Amino acid sequence: MSDLEVPLRPKRKMIWVDYFVQFRWIIVIFFVLPVSFLYYFLIYLGDVRSEMKSYKQRQKEHDVNVKKVVKRLKQRNPSKDGLVCTARKPWIAVGMRNVDYKRARHFEVDLSAFRNVLEIDKERMIARVEPLVNMGQITRVTVPMNLSLAVVAELDDLTVGGLINGYGIEGSSHIYGLFSDTVVAYEVVLADGSVVRATKDNEYSDLFYAIPWSQGTLGFLVSAEIKLIPIKEYMKVTYTPVVGNLKDLAQGYMDSFAPRDGDQDNPNKVPDFVEGMIYNPNEGVMMTGRYASKEEAKKKGNVINSVGWWYKPWFYQHAQKALKKGEFVEYIPTRDYYHRHTRCLYWEGKLILPFADQFWFRFLLGWLMPPKVSLLKATQGEAIRNYYHDMHVIQDMLVPLYKVGDALEWVHHEMEVYPIWLCPHRIFKIPVKTMIYPEPGFEHHHRQGDTHYSQMYTDVGVYYAPGPVLRGEVYDGAEAVRRMEAWLIENHGFQPQYAVSELNEKNFWRMFDAGLYEHCRRKYGAVGTFMSVYYKSKKGRKTEKEVQEAEQAHLETAYAEVDQPMD
């Protein structure tokens, strides 16, 4: 697609929901922000209390809590009770899709106690953590040790369980892959109550490879062992402006981390961290980071920028300065850098609180930011949720690196959303075919960023109100998502399941591969106990009858058609 002209749309008539959304900042300032701050503070106190316990005590509590889960599962009567799910309230999840499956009859299992860092093993370079440990909590423990998870998702609230069972990425994913690729072992409670440890080379290796992207539909994850890496105190960040058309911006992004000579594993040519931000169809800023010691950062003439302070400019706006001042370099404390997008939720904060990026607000009330996403969801009624589904985009398009330019042009034409986030990640070639997998034969093309063992992909993050909505034009968000999903299937791309999806079941399994997942569903007794991943991700309300019918269909067959045209 080379024609960047966007379609002309008629003006949309304003309705009451538009005015409510426009003035929703009143509820956010006087209710959501104070309650969020109190909630974060109480969670912090709980985390500190946990950190004061010995690893031995935490392990003892973990074993007791696992036994409670096993006991609860064995109390279930399959003929009378509904399908198994967690007791977590639907609005607590960070993802944007509605967890409507919990409106059907179900059998709840409480996992709320699983929020402890169980062990930091410096010899094995492994962190053993429970599924509700979040990114803010783990970096608070590891960074002072000059250690870090190999992949640290940017937002503080994102949990280990969500990033494993769903989708997790960071600026280091061009080296280490997605969050789930850094896990070396899972502790899982299966449908029959048995507790197993799955690794890539033990008897549960099939389960090990099937858990990522399964949304907790194979068993209950109760702990994970995750790879640690050594780090330094600062991140040396280089901001490089790129101008031109969208294909030029895509090429500038590729060149920032993928050597054209194919030497992708050379640390002298490949930075530790990468991300790009496209601000409009002609301008973007590419950021690369390398770990730096305290001694290097504090050398005379170097600029240190502690971006985590509440009064600092929002990171995406700070990076945009490179478009005027040209390329510049600064040193950011490593933990601040990891969570650089937390305060403003990338740039979603601008929609939630239109004036929150102003200096006066940052200085006076910036310490209350960000509003907790779960509380924002809790204050939404059905009409507001439907409005955001139609008038707002929160989607990630995972596409092969060489197709980033095409993806940017598609987003501009169909959604017209800016800024756009770019973050590269590897999809590894492994012995089995998992739900997501590289393009067949990719290693023979020797494309920029690829190696013989992995294909380089990119997350094209599309988060904001589309241009037509901002201009007051008619816009069909559901139809735009359907076209996006069709484009992804045609281009061997993937859509993270946290987002609202319009896929029917047949096309869901054209995007993802069902083979290993369905094998493990049957082998480990998940069918008839846990909801299928498609049905758990499906948009809309679900009745008890719908749930039972969907599970019966999965007992008989599963869609795995990959070559048939979209309906």
Side-chain angles (χ1 to χ4, degrees), residues 83 85 93 95-102 104 162 164-168 178 180 209-218 389 393-400 407 410 427 432-440 457 459-460 462 477-522 526-528 530-543 546-567:
L83 294 175
C85 71
M96 295 310 295
R97 62 180 171 81
N98 294 325
V99 247
D100 287 323
Y101 65 88
K102 291 195 176 183
I164 288 172
N165 282 299
Y167 160 75
L178 298 177
S180 55
Y209 286 115
I211 283 175
W213 295 76
S214 67
Q215 298 289 336
T217 60
L218 296 173
H389 287 166
V393 179
I394 297 186
Q395 296 283 346
D396 289 88
M397 302 169 65
L398 311 189
V399 300
W410 188 94
I427 295 187
V432 296
K433 193 175 184 182
T434 56
M435 285 183 69
I436 69 167
Y437 53 96
E439 292 179 300
Y457 267 62
D459 180 339
V460 180
V462 188
E479 180 57 32
V481 170
R482 279 190 283 270
R483 289 196 296 269
M484 182 198 76
E485 291 164 338
W487 190 92
L488 286 173
I489 291 173
E490 292 168 3
N491 289 276
H492 200 84
F494 305 97
Q495 175 193 32
Q497 298 147 356
Y498 80 87
V500 176
S501 173
E502 300 291 338
L503 288 168
N504 60 32
E505 188 169 10
K506 179 178 179 179
N507 288 326
F508 183 89
W509 291 119
R510 291 181 65 227
M511 180 179 289
F512 303 101
D513 189 84
L516 178 65
Y517 172 75
E518 290 295 342
H519 162 78
C520 288
R521 290 265 297 164
R522 290 172 171 82
V527 178
F530 297 100
M531 185 175 291
S532 73
V533 66
Y534 166 73
Y535 213 70
K536 192 171 183 179
S537 303
K538 179 185 174 185
K539 178 183 175 183
R541 293 176 179 268
K542 301 168 181 66
T543 64
E546 285 180 306
V547 170
Q548 292 173 342
E549 290 175 349
E551 280 303 296
Q552 184 58 41
H554 275 276
L555 282 167
E556 298 167 358
T557 186
Y559 289 111
E561 303 176 45
V562 295
D563 297 320
Q564 297 189 17
M566 290 281 288
D567 291 343

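The first residue of the sequence shown is numbered 1, and numbering continues consecutively from there. Computed from a predicted structure; not experimentally measured.
The shortest side-chain heavy-atom distance between Asn491 and Val399 does not fall under the 4.5 Å cut-off. You'll find the side chain of Val481 stays beyond 4.5 Å of the side chain of Val500, heavy atoms only. Arg521 places a side-chain heavy atom less than 4.5 Å from the side chain of Leu218.
Between Tyr167 and Tyr498, the angle of the ring planes stays under 30°, which puts this pair in the parallel group of the 30/60° scheme. Ring geometry for His492 against Phe494 counts as perpendicular: the plane angle is over 60°, on a 0 to 90° scale with 30° as the lower cut.
Listed for the Asn165 side chain is a donor-acceptor partner under 3.5 Å among the backbone atoms of Gly216. In this structure, the side chain of Tyr517 engages the main chain of Val533 through a donor-acceptor pair within 3.5 Å. Using modelled atom types, no side-chain atom of Lys433 and backbone atom of Gly515 make a donor-acceptor pair closer than 3.5 Å. With hydrogens and angles disregarded, a donor-acceptor distance shorter than 3.5 Å links the side chain of Glu485 to the backbone of Glu502. Formation of a donor-acceptor pair under 3.5 Å by the Asn504 side chain with backbone atoms of Lys506 is found in this model. A donor-acceptor pair under 3.5 Å is absent between the side-chain atoms of Asn507 and the main chain of Leu503, judged by distance alone.
Between the CD1 atom of Ile427 and the OH atom of Tyr437 there is a distance of 10.0 Å, given to the nearest 0.5 Å. Ile164 contributes atom CD1, which lies 14.0 Å from atom CH2 of Trp213 (distance to the nearest 0.5 angstrom). Here Met397 contributes atom CE and Trp487 contributes atom CH2; the two are 4.5 Å apart, rounded to the nearest 0.5 Å. Interatomic distance, CD of Glu518 versus CG of Asp513, reported as 10.0 Å (0.5 Å rounding). The CG atom of Asp459 sits 11.0 Å away from the CD atom of Gln395 when rounded to the nearest 0.5 Å. Distance check: Gln215 CD to Phe530 CZ gives 13.5 Å after rounding to the nearest 0.5 Å.
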ask   = Step by step, would you call Met531 with Cys85 a side chain to side chain contact (heavy atoms under 4.5 Å, CB included)?
value = CA-CA 8 Å; Met531 185 175 291; Cys85 71; over 6 Å; no

key: Steps toward side chain to side chain contact (heavy atoms under 4.5 Å, CB included) verdict (Met435, Trp509)   = CA-CA 9 Å; Met435 285 183 69; Trp509 291 119; 4.0 Å; yes

key: Leu398 vs Gln495, side chain to side chain contact (heavy atoms under 4.5 Å, CB included): CA-CA, chis, key distance, verdict   = CA-CA 6 Å; Leu398 311 189; Gln495 175 193 32; over 6 Å; no

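Taking Ser180 as the reference, nothing meets the side-chain hydrogen bond (donor to acceptor under 3.5 Å, both in side chains) condition, with sequence neighbours excluded.
Using modelled atom types and a 3.5 Å distance limit, the side chains of Thr217 and Tyr535 yield no donor-acceptor pair.
Among all heavy-atom pairs drawn from Tyr457 and Glu439, the shortest one is OH-CG, 4.0 Å.
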